[in-house]
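Just below is one structure, and these are the notes that go with it.
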Amino acid sequence: MEVSICGAECAGCPSAASCGGCRETGGKPFGKECPIAACCRKKGQEECGACGGSCGLKAPLIAEFNGLGIPGLGEITDLNALVGAYINLAYTLPNGQVVKLLEDGKIYFGNQIEKPDGRCFGLAADDSFLLVCEYGCGGADAEIVLYKKRNA
(Lines give C-alpha, C1' and ligand atoms only; values in the text may rest on other atoms or scores of the structure.)
Protein backbone atom coordinates (compact mmCIF):
# COMPACT_ATOMS: atom_id res chain seq x y z
CA MET A 1 0.00 0.00 0.00
CA GLU A 2 1.37 3.41 -0.97
CA VAL A 3 1.46 6.55 1.11
CA SER A 4 -1.96 8.20 1.20
CA ILE A 5 -3.00 11.29 -0.77
CA CYS A 6 -2.41 13.50 2.28
CA GLY A 7 1.02 12.03 2.92
CA ALA A 8 0.05 9.89 5.93
CA GLU A 9 1.89 6.58 6.13
CA CYS A 10 -0.92 4.05 6.47
CA ALA A 11 1.08 0.82 6.53
CA GLY A 12 0.96 0.60 10.34
CA CYS A 13 -2.80 1.16 10.58
CA PRO A 14 -4.70 -1.91 11.85
CA SER A 15 -7.43 -1.18 9.28
CA ALA A 16 -5.09 -0.75 6.29
CA ALA A 17 -6.16 -4.02 4.70
CA SER A 18 -9.89 -3.25 4.93
CA CYS A 19 -9.93 0.42 3.91
CA GLY A 20 -9.21 -0.21 0.24
CA GLY A 21 -6.31 2.23 0.14
CA CYS A 22 -6.48 5.99 -0.12
CA ARG A 23 -4.97 6.35 -3.58
CA GLU A 24 -6.59 3.15 -4.81
CA THR A 25 -10.08 4.44 -3.91
CA GLY A 26 -9.51 8.02 -5.05
CA GLY A 27 -9.55 9.37 -1.49
CA LYS A 28 -12.55 7.32 -0.37
CA PRO A 29 -11.19 4.73 2.05
CA PHE A 30 -13.93 2.62 3.61
CA GLY A 31 -16.21 3.91 0.82
CA LYS A 32 -16.59 7.43 2.25
CA GLU A 33 -15.02 10.71 1.14
CA CYS A 34 -12.02 11.50 3.31
CA PRO A 35 -12.09 15.24 4.14
CA ILE A 36 -8.31 15.27 4.39
CA ALA A 37 -7.80 13.87 0.89
CA ALA A 38 -10.57 16.14 -0.39
CA CYS A 39 -8.81 19.17 1.10
CA CYS A 40 -5.55 18.23 -0.61
CA ARG A 41 -7.29 17.70 -3.97
CA LYS A 42 -9.24 20.95 -3.61
CA LYS A 43 -5.99 22.85 -3.21
CA GLY A 44 -4.49 20.98 -6.15
CA GLN A 45 -1.88 19.19 -4.12
CA GLU A 46 -1.03 15.56 -4.56
CA GLU A 47 0.75 15.31 -1.21
CA CYS A 48 0.45 17.96 1.46
CA GLY A 49 2.01 16.43 4.55
CA ALA A 50 -1.08 15.04 6.31
CA CYS A 51 -2.79 18.40 5.97
CA GLY A 52 -0.35 20.02 8.30
CA GLY A 53 1.00 21.85 5.31
CA SER A 54 -0.35 24.24 2.80
CA CYS A 55 -3.83 22.80 2.25
CA GLY A 56 -4.71 24.29 5.62
CA LEU A 57 -7.43 22.14 7.22
CA LYS A 58 -5.58 20.89 10.30
CA ALA A 59 -4.23 24.19 11.70
CA PRO A 60 -7.62 25.98 11.77
CA LEU A 61 -9.20 22.98 13.51
CA ILE A 62 -6.50 23.03 16.20
CA ALA A 63 -7.04 26.78 16.66
CA GLU A 64 -10.81 26.30 16.93
CA PHE A 65 -10.44 23.56 19.55
CA ASN A 66 -8.04 25.78 21.52
CA GLY A 67 -10.50 28.68 21.32
CA LEU A 68 -13.38 26.76 22.90
CA GLY A 69 -12.30 27.48 26.48
CA ILE A 70 -13.34 24.10 27.84
CA PRO A 71 -12.07 23.76 31.44
CA GLY A 72 -9.39 21.10 31.81
CA LEU A 73 -8.92 20.53 28.09
CA GLY A 74 -5.53 22.20 27.87
CA GLU A 75 -3.79 23.24 24.68
CA ILE A 76 -4.28 21.06 21.62
CA THR A 77 -1.09 20.78 19.57
CA ASP A 78 -1.93 17.99 17.11
CA LEU A 79 -4.79 16.13 15.48
CA ASN A 80 -4.58 12.71 13.85
CA ALA A 81 -6.48 11.11 10.99
CA LEU A 82 -8.86 8.59 12.59
CA VAL A 83 -11.46 6.28 11.09
CA GLY A 84 -14.91 6.81 12.59
CA ALA A 85 -15.30 3.18 13.66
CA TYR A 86 -12.63 3.75 16.33
CA ILE A 87 -14.07 6.98 17.72
CA ASN A 88 -17.83 6.69 17.10
CA LEU A 89 -18.98 6.42 20.70
CA ALA A 90 -22.57 5.90 21.83
CA TYR A 91 -24.08 8.76 23.85
CA THR A 92 -27.18 8.50 26.02
CA LEU A 93 -29.36 11.59 25.70
CA PRO A 94 -31.41 12.94 28.64
CA ASN A 95 -34.53 11.23 27.21
CA GLY A 96 -32.75 7.86 27.30
CA GLN A 97 -32.19 7.63 23.54
CA VAL A 98 -28.75 6.30 22.57
CA VAL A 99 -27.15 8.00 19.56
CA LYS A 100 -23.90 7.93 17.61
CA LEU A 101 -22.86 11.16 15.92
CA LEU A 102 -20.16 9.98 13.54
CA GLU A 103 -19.99 7.65 10.55
CA ASP A 104 -17.96 4.47 11.04
CA GLY A 105 -16.43 4.56 7.55
CA LYS A 106 -15.51 8.24 7.45
CA ILE A 107 -12.11 9.72 8.29
CA TYR A 108 -11.99 12.50 10.90
CA PHE A 109 -9.33 14.62 12.55
CA GLY A 110 -9.15 13.76 16.23
CA ASN A 111 -7.17 13.25 19.38
CA GLN A 112 -7.50 11.89 22.91
CA ILE A 113 -6.45 14.01 25.88
CA GLU A 114 -6.07 12.20 29.20
CA LYS A 115 -7.41 13.92 32.30
CA PRO A 116 -5.88 13.62 35.80
CA ASP A 117 -9.04 11.86 37.06
CA GLY A 118 -8.56 8.91 34.67
CA ARG A 119 -11.19 10.02 32.17
CA CYS A 120 -10.36 11.37 28.73
CA PHE A 121 -11.45 14.11 26.41
CA GLY A 122 -12.08 12.88 22.89
CA LEU A 123 -11.86 15.33 20.00
CA ALA A 124 -13.25 14.75 16.52
CA ALA A 125 -13.72 17.16 13.63
CA ASP A 126 -14.04 17.49 9.91
CA ASP A 127 -14.69 20.44 7.65
CA SER A 128 -18.22 20.92 9.05
CA PHE A 129 -18.19 20.31 12.85
CA LEU A 130 -16.23 20.06 16.10
CA LEU A 131 -17.01 17.43 18.73
CA VAL A 132 -15.59 17.28 22.24
CA CYS A 133 -16.66 14.44 24.48
CA GLU A 134 -15.55 12.97 27.77
CA TYR A 135 -15.38 9.25 28.54
CA GLY A 136 -13.90 6.59 30.77
CA CYS A 137 -11.80 3.54 30.00
CA GLY A 138 -12.56 2.07 26.58
CA GLY A 139 -15.11 4.80 25.81
CA ALA A 140 -17.36 3.96 28.78
CA ASP A 141 -19.91 6.49 30.03
CA ALA A 142 -19.38 8.84 27.10
CA GLU A 143 -20.78 12.35 27.50
CA ILE A 144 -21.01 15.10 24.90
CA VAL A 145 -19.21 18.22 26.11
CA LEU A 146 -19.66 20.20 22.89
CA TYR A 147 -20.95 19.59 19.37
CA LYS A 148 -20.57 22.66 17.20
CA LYS A 149 -21.13 23.36 13.54
CA ARG A 150 -18.14 25.07 11.92
CA ASN A 151 -18.42 28.21 9.84
CA ALA A 152 -15.75 27.00 7.42
Side-chain angles (χ1 to χ4, degrees), residues 1-25 27-40 48-52 55 57-150 152:
M1 181 175 294
E2 293 183 31
V3 172
S4 66
I5 290 170
C6 71
E9 179 60 61
C10 299
C13 175
S15 298
S18 63
C19 82
C22 181
R23 289 186 187 278
E24 295 84 350
T25 62
K28 296 181 181 181
F30 303 101
K32 301 280 185 180
E33 179 77 57
C34 173
I36 304 166
C39 175
C40 292
C48 65
C51 266
C55 87
L57 182 58
K58 188 175 181 178
L61 288 172
I62 290 172
E64 288 177 48
F65 276 121
N66 285 327
L68 294 174
I70 295 173
L73 183 57
E75 182 180 4
I76 307 306
T77 59
D78 196 17
L79 295 171
N80 306 296
L82 303 168
V83 65
Y86 293 122
I87 60 173
N88 195 9
L89 301 177
Y91 304 98
T92 303
L93 301 179
N95 67 2
Q97 180 184 5
V98 176
V99 298
K100 288 187 170 191
L101 301 175
L102 307 178
E103 296 179 45
D104 286 348
K106 189 172 175 182
I107 306 297
Y108 299 93
F109 273 117
N111 205 338
Q112 175 176 287
I113 311 300
E114 293 183 29
K115 297 176 61 180
D117 66 2
R119 290 181 58 81
C120 295
F121 282 114
L123 311 177
D126 67 8
D127 56 345
S128 64
F129 75 91
L130 300 175
L131 170 65
V132 179
C133 65
E134 185 180 318
Y135 50 85
C137 185
D141 303 317
E143 301 174 24
I144 299 168
V145 175
L146 176 127
Y147 185 85
K148 178 181 177 185
K149 184 174 180 173
R150 293 185 68 228

Q: Step through the shown structure and confirm whether more than 12 heavy atoms of other residues, nucleotides or ligands are within 6.0 Å of NZ on K100.
A: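 Result for NZ/K100: enclosed.
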Q) When you look at NZ of K106, are more than 12 heavy atoms from neighbouring residues, nucleotides or ligands closer to it than 6.0 Å? A) yes
Atom [atom1] of [X] and atom [atom2] of [Y]: how far apart are they, to the nearest 0.5 Å?
X    : Y    : atom1 : atom2 : answer
E33  : T25  : CD    : OG1   : 9.0 Å
N111 : F65  : CG    : CZ    : 9.0 Å
L131 : K148 : CG    : NZ    : 13.0 Å
I107 : C19  : CD1   : SG    : 7.0 Å
L123 : I87  : CG    : CD1   : 9.5 Å
L79  : I62  : CG    : CD1   : 4.5 Å

Nearest heavy atoms of [X] and [Y], plus distance in Å:
X    : Y    : result
A90  : V98  : CB-CG1, 3.7 Å
Y135 : G139 : CD1-CA, 3.8 Å
G27  : A37  : CA-CB, 3.9 Å

Can you tell me if [X] uses its side chain to pair, donor with acceptor, with the backbone of [Y] under 3.5 Å?
X    : Y    : answer
N80  : L82  : no
N88  : L102 : yes
N66  : I76  : yes
R119 : D141 : yes

Q: Under the ring-ring contact (aromatic ring centres under 6.0 Å, His included) rule, collect the residues that match up with F129, sequence neighbours excluded.
A: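 Partners of F129 by the ring-ring contact (aromatic ring centres under 6.0 Å, His included) criterion, ordered by chain and then number, come out as Y108, Y147.
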Q. Taking only residues two or more places apart in sequence, or in another chain, which ones meet K115 in a side-chain hydrogen bond (donor to acceptor under 3.5 Å, both in side chains)?
A.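 E134.
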Q | Those residues that, when tested against D78, pass side-chain hydrogen bond (donor to acceptor under 3.5 Å, both in side chains) (two or more places apart) | A | K58
**Q.** Intermediate values then yes/no, side chain to side chain contact (heavy atoms under 4.5 Å, CB included), C120 and E114
**A.** CA-CA 4 Å; C120 295; E114 293 183 29; 3.9 Å; yes
Q: Determine whether V145 and L73 make a side-chain contact, defined as any pair of heavy atoms from C-beta on separated by less than 4.5 Å.
A: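 Not in contact.
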